[in-house]
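Please read all numbers here as calculations on a predicted model, not as lab measurements.
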Amino acid sequence: GTVFVVQWDKVYLQGKEDMGSFTFQAALHSSGRIVFGYKEIPVPVLQISASQHPVKAGLSDAFMVLNASPDVPESRRRTIYEYHRVELDTSRITSLSAVEFSPLPTCLQHQSCETCVSSELTFNCSWCHVLQRYL
């Protein structure tokens, strides 16, 4: 009901299985809180090579676009566009550690434009033509 948890159990780095396995969780709470729990981190994250795939920890908004591949017309190439990234200090990710993200207040929590504009939010509301309301 109030939390959705995904756990990765005994994940090995490809070609580096001798380093040991990783076990970690992501918990998405209905309140907007996000908690990453790290049970087993066998090596410092800073020591993981990014040559095959970027090593990232944190949150980001992104969207994906499927484009036709010029080499193979029936296939599609996906491109992920990332924005609004919040990165974790990877030196803090260790075994038996956790990181919690708490949501900031937004205009969407208000029931009218008047309450939003008169609130003490730390950003400027602006008019959204698509939704026909202030955001």
First locate atom CG of Leu13, then atom OG of Ser49, and finally report the distance between them rounded to the nearest 0.5 Å. 9.5 Å

Minimum-distance pair of heavy atoms, taken over all atoms of Gly58 and Leu88: CA-CG, 3.9 Å

On a heavy-atom basis, the closest approach of Ala27 and Val3 is CB-CG2, 4.0 Å

Strictly below 4.0 Å, N to O, side chains only: are Arg33 and Glu100 in salt-bridge contact? yes

Is Met19 reachable from Phe22 through a run of I, L, V, M, F, W or Y residues, each pair having side-chain heavy atoms under 4.5 Å apart? yes

Spacing of OG belonging to Ser21 relative to OH belonging to Tyr12, to within rounding of 0.5 Å: 4.0 Å

To the nearest 0.5 Å, atom NE2 of His84 lies from atom CG of Asp61 at 6.5 Å

If hydrophobic clusters are built from ILVMFWY residues whose side chains come within less than 4.5 Å, do Val6 and Val11 share one? yes

Do the side chains of Val5 and Tyr38 join up, straight or via other hydrophobic residues, at under 4.5 Å, putting them in one cluster? no

Grouping I, L, V, M, F, W and Y whenever their side-chain heavy atoms are under 4.5 Å apart, do Val45 and Val35 come out in a common cluster? no

Quick one: does Glu17's side chain have a donor or acceptor within less than 3.5 Å of a partner on Gly15's backbone? yes

Would you say the side chains of Glu82 and Ser60 form a donor-acceptor pair under 3.5 Å? yes

Reported NZ-to-OG distance for the pair Lys39 and Ser97, which is rounded to 0.5 angstrom: 13.5 Å

Just how far is it from atom NZ of Lys10 to atom OG1 of Thr23, taken to the nearest 0.5 Å? 5.5 Å

Verify the cluster assignment for Phe36 and Leu46: are they in a single hydrophobic cluster under the rule of side-chain heavy atoms below 4.5 Å apart? no

